Amino acid sequence: MLTLKFIQENKDEVIQRLKIKNFDAAGIVDEIINLDNQRKATQVEVETFQAEMNGLSKKIGELFKSGKAAEANEAKARTGELKENIKGLDAKLSEITSQLDEQLVQLPNLPNEIVPPGKGEDDNVVVKSGGEMPVLNNAVPHWDLIKKYDIIDFELGTKITGAGFPVYKGKGARLQRALINFFLDEADKAGYEEVLPPLLVNEDSGFGTGQLPDKEGQMYHATADNLYLIPTAEVPVTNLYRDVILKGSELPIRNCAYSACFRREAGSWGAHVRGLNRLHQFDKVEIVQVAHPTKSYEILDAMVAHVQTIVEKLELPWRLLRLCGGDISFTSALTYDYEVYSAAQERWLEVSSVSNFENYQANRLKLRFKEEGEKKAQLAHTLNGSALALPRIMAAILENNQCAEGIRIPKVLVPYTGFDIIN
RNA sequence: GGAGAGAUGGCAGAGUGGUCGAAUGCGGUGGUCUUGAAAACCAUUGUACCGCGAGGUACCGGGGGUUCGAAUCCCUCUCUCUCCGCCA
């Protein structure tokens, strides 16, 4: 969330910049500033009483010790009133604070200046593109190819779990594992330290990265233990650094992680979500960085470049989008998406999303760093990106590489799969 | 799942009602000494909020209670450890 200090000092800028996200912040910002002022006033009031109470208590203690019990008991008379005042003001303070928090979490992150205006995905800006568009006759979509070669089985998944939980079989399973290992090796080569995180997280973690409270319905919730199945490894990996004060010299922190991801996707089924295009469970390799605020945009560029090298090694036609204000997420300041072209579906598929959250997540996480010799800790910046999400990569590989003999495996993957064709 | 023990500063670890934001040791930082380093010695070393400042307030796992006063007593939750059971 945005810091109170920033909102207080830049009220008009906050309202102005959130218009790019099509968010009318005027009411909330006023409410926040009002509540914050009330909070301060109430705090000063309660602390004044507390100071008096502390002094009085000390005095009573001394009186008892020196045997002046009568005087001590006399002094006690005033404490009752003080206690009542403190109790009342405390209640008021926590009421104000919770109202303030409630308002604060409703404010999205400010978009970076270069985020283009727009309502939705049609307004995203193509930054660049590359790779060769495949030329195919009568291209078969992947949902038919997977049946033809018996490598992914949706019906079986439906039987044991439900729609959107496919079973990967034989060379399909092997290809899936190959992609995971390839992505992890690429991340490792680029300097990201691998972690293998839990797939379920607690409420604090969900709040830290911004899934809670706003996107609660998107996550599977194990209610018996109040744990959430992760929608992305971003959640556990970024939360590794919750409530942490790093040394300036430790930045940037770079992690990568493979995980299964779980998304309820409530209400988002419809056109264009056949086959692997949208699943409830899928695999992804995620890259996460914790950065110095002055370096985060440089790092965002490096992360984008990393994703591009992977897509290029897989010989897929790609394009890079800068998301517009209407399509960028609640918590992000700037997001780039990579899409690959799917020949049989004749459309672009999003396979990666790389974002800079600046200090928005860090403020929730209390993720700070302290520069050598400095007294005060400051909020770090967090970033993450998919490198990459598997299902649509799988779809694109199957569709684009189909030929009379079967499906060719991209050269870089052959050492991982142990075969060069699916037939 | 059953029984018991415990949770204190970066770490270890004292502290069972007031003088405790908290002994001591280690670690960190600055300094003295040294050609340099080590050792030794001296100093310093948590976070947040309010305040120009002096200073004030809160925090000893979380929440609540008793009391003029709680790290310390009570209730509750969470977590950790030990033993037993079960088990990949």
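Letters A, B, ... mirror the listed sequences (proteins, then strands); counts begin at 1. Remember, predicted model here, so these are calculated numbers, not experimental data.
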Asks: What is the separation between atom CZ on Arg242(A) and atom P on U47(B), rounded to the nearest whole Å?
Replies: 20 Å
Asks: Please determine, for A22(B), whether a Watson-Crick or G-U wobble partner exists with both distances under 3.5 Å, and give it or none.
Replies: none
Asks: Between A5(B) and C73(B), how far apart are the P atoms? Round to whole Å, please.
Replies: 14 Å
Asks: Does any pair with a residue in residues 231-254 of chain A pass salt bridge (charged side-chain N to carboxylate O under 4.0 Å, His left out), and if so which ones, sequence neighbours excluded?
Replies: none
Asks: State whether a side-chain donor-acceptor pair under 3.5 Å links Asn255(A) with Tyr241(A).
Replies: yes
Asks: Could you give the distance separating U82(B) and G46(B) at their P atoms, to the nearest angstrom?
Replies: 33 Å
Asks: Of all the nucleotides listed (C50(B), C49(B), U47(B)), which has the minimum atom distance to the side chain of Ile245(A)?
Replies: U47(B)
Asks: Would you be so kind as to tabulate the donor-acceptor pairs closer than 3.5 Å made by side chains of residues 298-309 of chain A, with sequence neighbours excluded?
Replies:
unit_1, atom_1, unit_2, atom_2, d
Gln308(A), OE1, Lys128(A), NZ, 3.2
Gln308(A), OE1, Tyr338(A), OH, 2.8
Gln308(A), NE2, Glu312(A), OE2, 3.3
Thr309(A), OG1, His306(A), O, 2.6

Asks: Measuring only the P atom in each nucleotide, how far is G15(B) from U34(B)? A whole number of Å is fine.
Replies: 43 Å
Asks: Once salt bridge (charged side-chain N to carboxylate O under 4.0 Å, His left out) is applied, what residue pairs with a partner in residues 29-58 of chain A remain, sequence neighbours excluded?
Replies: Lys11(A)-Asp30(A), Asp36(A)-Arg39(A), Glu52(A)-Arg78(A)
Asks: Tell me the partner of G4(B), counting only Watson-Crick (N1-N3 plus N6-O4 or O6-N4) or G-U wobble (N1-O2 and O6-N3) with both under 3.5 Å; none if nothing fits.
Replies: C81(B)
Asks: In Watson-Crick or G-U wobble terms, both distances under 3.5 Å, what is the partner of U34(B)?
Replies: none
Asks: Quick one: Arg39(A) CZ to A48(B) C1', roughly how many Å, whole number?
Replies: 10 Å
Asks: One character per nucleotide, please: for nucleotides 56-79 of chain B, 5' to 3', B when the base has a protein heavy atom closer than 4.0 Å, S when only the sugar-phosphate does, - otherwise.
Replies: BBS---------BS----------
Asks: What residue pairs, at least two apart or across chains, pass salt bridge (charged side-chain N to carboxylate O under 4.0 Å, His left out) with a residue in residues 181-198 of chain A?
Replies: Glu186(A)-Lys189(A), Glu186(A)-Lys313(A)
Asks: Using the closest heavy atom to pick a nucleotide of RNA chain B for each, name whichever of Glu62(A) or Lys247(A) lands nearer the 5' end.
Replies: Glu62(A)
Asks: With C1' as the reference atom in both, quote the distance from G61(B) to U8(B) in angstrom, rounded to an integer.
Replies: 10 Å
Asks: Could you give the distance separating C60(B) and C11(B) at their P atoms, to the nearest angstrom?
Replies: 16 Å
Asks: Report yes or no: do Gln345(A) and Glu399(A) form a side-chain donor-acceptor pair below 3.5 Å?
Replies: yes
Asks: Can you check the distance between A22(B) and G9(B), where both ends of the measurement are the P atom (answer in whole Å)?
Replies: 15 Å
Asks: Atom OG of Ser352(A) and atom CH2 of Trp318(A): how far apart are they, to the nearest 0.5 Å?
Replies: 12.0 Å
Asks: Could you tell me how far apart Asp243(A) (CG) and G10(B) (P) are, to the nearest whole angstrom?
Replies: 12 Å
Asks: Return the nucleotide paired to A43(B): Watson-Crick means purine N1 to pyrimidine N3 with N6-O4 or O6-N4, wobble means G-U with N1-O2 and O6-N3, both under 3.5 Å.
Replies: U29(B)
Asks: Atom NZ of Lys376(A) to atom C1' of U45(B): distance rounded to whole Å?
Replies: 17 Å
Asks: Looking only at atom C1', what distance separates G28(B) and G10(B), rounded to whole Å?
Replies: 8 Å
Asks: Taking only side-chain N and O atoms of Lys370(A), does any of them lie within less than 4.0 angstrom of OP1 or OP2 on U47(B)?
Replies: yes
Asks: Minimum heavy-atom separation for Thr294(A) to His292(A), with atom names?
Replies: OG1-ND1, 2.8 Å
Asks: Using Watson-Crick or G-U wobble geometry with both distances under 3.5 Å, which nucleotide pairs with C52(B)?
Replies: none
Asks: Look through every strand shown and name the nucleotide pairing with G17(B) as Watson-Crick or G-U wobble, where both distances are under 3.5 Å.
Replies: none
Asks: Are OP1 or OP2 of A48(B) and a side-chain N or O of Arg368(A) less than 4.0 angstrom apart?
Replies: yes
Asks: For Arg78(A), report the nucleic acid contact type (base, sugar-phosphate, nothing); a contact means any heavy atom under 4.0 Å.
Replies: nothing
Asks: Rounded off to whole Å, could you give me the CG-to-C1' distance for the Leu4(A) and A48(B) pair?
Replies: 13 Å
Asks: Check the distance between C50(B)'s C1' and Gln38(A)'s CD and give it to me in whole angstrom.
Replies: 16 Å
Asks: Given the P atoms of A71(B) and G17(B), what is the spacing between them in whole Å?
Replies: 13 Å
Asks: Under the ring pair (Phe, Tyr, Trp, His ring centres under 6.0 Å) test, which residues partner Trp143(A), sequence neighbours left out?
Replies: none
